[in-house]
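See structure below.
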Amino acid sequence: MKLKRAKAYRKLMHQYEVTFGFRSPYQVLVDHEILEDCWRGKIQLLERLQGCLQGPIKPMVTQCCMRALYNAKPKNDALIKWAQDNLERRRCNHHELEEPLSALQCLSAVIDPKDSKINKHRYVVASQDRKVRAHLRTIPGVPLIYLERAVMIMEPMNTASEELREREEKNKFRLGLKGQRNPDQPPKRKRDDEENGAEEQTTEEPRPQKKKKPRGPKEPNPLSMKKTKSKSTGPKPPRPAAAVAVADSTDAPAADGEDAGPRKRKRKHKPKGDGDAAANVDAEAAAV
Ligand SMILES: [Zn+2]
């Protein structure tokens with residue numbers, strides 16, 4: 001059992017590392033209840049947490065949870081001393097309030113202050129409060145630990161995390177299939193990184209699709225068309241015919257008909273546009 005669990009937890013933490021960027025030493029926020037329970041059960045909290053997470057940890061406690069220890073009815077001075085010596089204090093800036101916030105309010109504020117469903121600082125949370133864990137399950141990428149009958153348990157990845165992780169894996173799979181060209185997915189994990197990636201991908205996307213049918217001929221043609229256009233607009237009218245002939249070899253005839261139409265119109269438009277502009281200038285000049 002123990003080996004199995006250790007293996008499962010190792011896999012779980014690996015998933016958190018890959019998907020959410022967790023790195024040891026893991027920052028673990030402990031609430032006052034788990035401190036009290038461990039004290040009562042003579043359980044080595046820090047060793048157990050390390051065993052659970054399979055790596056070095058940085059245990060932390062918020063100011064509110066510390067105050068809760070101070071306010072406890074039979075005040076446990078030894079536990080307070082232990083917490084002061086062994087846990088880093090996480091400033092939650094609720095210390096100016098008359099009463100400390102509940103673990104739910106305080107930890108929610110510390111982990112996801114803007115309620116954006118992101119565990120920005122990659123905290124692991126060890127809490128005996130079911131409401132705390134229920135709330136944090138709605139945020140992807142928050143490893144949750146609690147104590148049950150002297151056994152330290154890490155919850156399986158919550159559905160929010162799991163969905164995000166599966167999306168990531170599908171993305172990677174498609175990336176593999178399409179040779180690092182990701183089709184139509186807007187990934188949501190590392191927003192900064194992947195938005196750039198998505199932009200590159202969208203710009204690259206149309207090219208391979210066009211290439212599929214007429215690989216060789218189509219790409220050089222637009223270039224040659226442009227050149228003939230620029231020449232044809234100048235001195236001689238017969239050149240467009242040559243351009244059409246080149247186009248005939250590759251494009252459908254219907255497309256040529258369409259192409260030929262607008263070209264003539266464009267030529268007519270240009271002088272008109274200039275004329276209008278000139279007229280406008282004249283009008284403005286007249287107005288001035
Ligand atoms: Zn607080």
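Computed over heavy atoms, backbone and side chain alike; hydrogens, waters and symmetry mates excluded. Just follow the structure's listing: the first ligand is 1, and inside any ligand the first atom is 1.
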Between His95 and the Zn ion (ligand 1), is there a contact where an N/O/S atom of the residue lies under 2.8 Å from the metal? no
Any N, O or S atom of Cys64 closer than 2.8 Å to the Zn ion (ligand 1): yes
Leu35 and Leu87, any side-chain heavy atoms less than 4.5 Å apart: yes
Sole residue of Val142, Val28, Val110 in side chain to side chain contact (heavy atoms under 4.5 Å, CB included) with Tyr123: Val110
NZ (Lys117) with more than 12 external heavy atoms under 6.0 Å: yes
For His95, look at atom NE2 and say whether over 12 heavy atoms of other residues, nucleotides or ligands are found less than 6.0 Å away. yes
Rounding to 10°, state the angle centred on the Zn ion (ligand 1) that links SG in Cys106 with SG in Cys92. 110°
With carbon and hydrogen excluded and only N/O/S kept, which atom of His94 is nearest the Zn ion (ligand 1)? ND1
